[in-house]
There are 2 protein chains.
Amino acid sequence: MIEDDIFRALADPTRRAIFEKLAGGRMNASALRQGMAISQPAMSQHLAVLRGAGLVREARQGRFVNYDVDPEGVALIAQWLAKYRAYWPARIDALKAVLKEMDQ
Amino acid sequence: MIEDDIFRALADPTRRAIFEKLAGGRMNASALRQGMAISQPAMSQHLAVLRGAGLVREARQGRFVNYDVDPEGVALIAQWLAKYRAYWPARIDALKAVLKEMDQ
DNA sequence: GCATCACATAAGCGTCTGCTTATTTGTTGC
DNA sequence: GCAACAAATAAGCAGACGCTTATGTGATGC
């Protein structure tokens, strides 16, 4: 199950922080480490997990490797969540507003 | 972090299966076990994890305990996912259709 | 070539998970 | 009370996780 990899990857707070950082724009592994109190191998391992889950893509550029959010992975979460739409409470209005915003 | 508990809970395939089953309607622990090749204590432990994550609620009824999906937990996932709306690809249209459906 | 840098991989280790079996708690009906 | 049932908890254990240090791989620039 792909969802296994996705949720497992997101279960770790450090990996969610990395993912969130990447959501702000593409970045290489060294830049990601800035202000994160994490060793180089640990970062590399986390990125491998995120990549394996399809949440992040990599693109080698010289001796750097740039990472960015993979929309495919995000879409899979959205798809999974959509199955439980019946349980989204009133707060759903905020999400609707967001979608409306996207239309403009 | 609450999100820790949520994603950790969903990282296990058995727990996702339980959650999915509950999404079909409230059920007690014994009913949930039907056709699931899982021991009674294992089910109890999984339900405790799901409950701790706010994904599931319990309501004792006699000597049974009924469980059902907790909308609060689902809403938290939706909120988390909303942060990455910029990365939802075209497939977002399906979700939009669902929301439109909800308006009727 | 070779020193340097960016990153990945290997190996090892303490901790956490998810399962099991055994037992306990709480409820029902006689 | 007490037998039967639903569910939770306890204890133990194999396997997975996330980290570390050490080493390997690939690219840059002199």
Side-chain angles (χ1 to χ4, degrees), chain A residues 1-22 24-70 73, chain B residues 1-22 24-70 73:
Chain A
M1 259 305 177
I2 276 280
E3 284 149 4
D4 256 61
D5 300 318
I6 291 181
F7 287 118
R8 183 178 303 282
L10 294 174
D12 184 77
T14 305
R15 274 194 297 266
R16 281 204 312 281
I18 294 170
F19 183 75
E20 197 141 349
K21 222 164 174 180
L22 281 176
R26 75 166 58 234
M27 224 180 290
N28 61 56
S30 298
L32 278 168
R33 280 183 64 203
Q34 302 283 28
M36 275 205 77
I38 190 178
S39 73
Q40 181 268 315
M43 174 59 78
S44 183
Q45 285 159 15
H46 280 310
L47 287 169
V49 173
L50 286 168
R51 192 180 182 287
L55 287 167
V56 143
R57 294 175 301 191
E58 66 173 45
R60 178 138 230 157
Q61 191 165 23
R63 54 182 160 182
F64 295 85
V65 177
N66 283 323
Y67 287 89
D68 71 330
V69 169
D70 189 340
Chain B
M1 257 312 179
I2 292 270
E3 284 148 5
D4 257 61
D5 300 318
I6 292 181
F7 287 120
R8 173 116 27 92
L10 294 174
D12 184 79
T14 305
R15 274 195 296 267
R16 280 203 313 282
I18 294 170
F19 183 75
E20 197 141 349
K21 221 165 176 182
L22 281 176
R26 77 166 56 235
M27 225 180 287
N28 61 56
S30 298
L32 277 168
R33 282 184 62 206
Q34 302 284 27
M36 277 205 75
I38 189 177
S39 73
Q40 180 268 316
M43 174 59 78
S44 183
Q45 287 159 15
H46 280 310
L47 286 169
V49 172
L50 286 168
R51 192 181 181 286
L55 287 166
V56 144
R57 294 175 301 192
E58 65 173 46
R60 177 138 230 156
Q61 193 165 20
R63 55 182 159 182
F64 296 85
V65 178
N66 282 323
Y67 287 89
D68 71 330
V69 169
D70 188 340

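All chains are named by letter (A, B, ...) in the order of the sequence lines, taking the proteins before the strands, and each is independently numbered beginning at 1.
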Asp4(A) CG to dG18(C) P, straight-line distance once rounded to whole Å
11 Å
Is any side-chain heavy atom of Glu3(A) closer than 4.5 Å to a side-chain heavy atom of Leu10(B)?
no
Of residues 6-18 of chain B, the positions that come close to DNA chain D - non-hydrogen atoms, cut-off under 4.0 Å:
none
Of the nucleotides dA10(C), dA8(C), dT20(C), which has the atom closest to the Ser44(A) side chain?
dA8(C)
For Asn66(B), which of Arg57(B), Gln61(B), Arg60(B) qualifies under side chain to side chain donor-acceptor pair (under 3.5 Å)?
Gln61(B)
Between C1' of dA8(C) and CG of Leu47(A), the distance in whole Å
11 Å
Can you sort out the partners of Ala59(B) under side-chain contact (heavy atoms from CB on, under 4.5 Å), two or more places apart, ordered by chain and number?
Arg26(B)
Sequence neighbours excluded, the answer for side-chain contact (heavy atoms from CB on, under 4.5 Å) partners of Asp5(B) is Ala53(B)
If you compare every side-chain N and O of Tyr67(A) against the phosphate oxygens of dA8(C) (OP1, OP2), does one of them come in below 4.0 Å?
yes
Given atom CD1 of Ile38(B) and atom P of dT20(C), what is their separation to the nearest angstrom?
8 Å
Run the side chain to side chain donor-acceptor pair (under 3.5 Å) test against Gln34(A) and tell me which residues pass, sequence neighbours left out.
none
Upstream residue (5' side of DNA chain D) when Ala42(A) and Gln45(B) are each assigned their closest nucleotide:
Gln45(B)
N/O donor-acceptor pairs under 3.5 Å from side chains in residues 39-52 of chain A, not counting sequence neighbours:
from     : atom 1 : to       : atom 2 : distance (Å)
Ser39(A) : OG     : Ala42(A) : N      : 3.2
His46(A) : ND1    : Arg15(A) : NH1    : 3.2
Arg51(A) : NE     : Glu58(A) : OE1    : 3.2

State which residues pass side chain to side chain donor-acceptor pair (under 3.5 Å) with Glu20(A); sequence neighbours excluded, sorted by chain then number.
Lys83(B), Tyr84(B)
Nearest-angstrom distance from the residue atom CZ of Phe64(A) to P of dA8(C):
12 Å
When the C1' atoms of the five terminal pairs at each end define the local axes, what inter-axis angle does the helix from dG1(C)-dC30(D) to dC30(C)-dG1(D) show, to 10 degrees?
20°
Could you tell me which residues satisfy side chain to side chain donor-acceptor pair (under 3.5 Å) with Asp4(B), sequence neighbours excluded, listed by chain and number?
Arg16(A), Arg8(B)
Using a strict heavy-atom distance below 4.0 Å, which residues from residues 24-37 of chain B are in contact with DNA chain C?
none
Could you run down nucleotides 22-30 of chain C 5' to 3' and tag each one B, S or - for protein heavy-atom contact under 4.0 Å?
B----BS--
Checking Phe7(B) now: which residues fulfil ring pair (Phe, Tyr, Trp, His ring centres under 6.0 Å) with it, not counting sequence neighbours?
Trp80(B)
How would you give the extent of chain A contacts on DNA chain D, as first and last nucleotide 5' to 3' within a 4.0 Å heavy-atom cut-off?
dC17(D) to dT28(D)
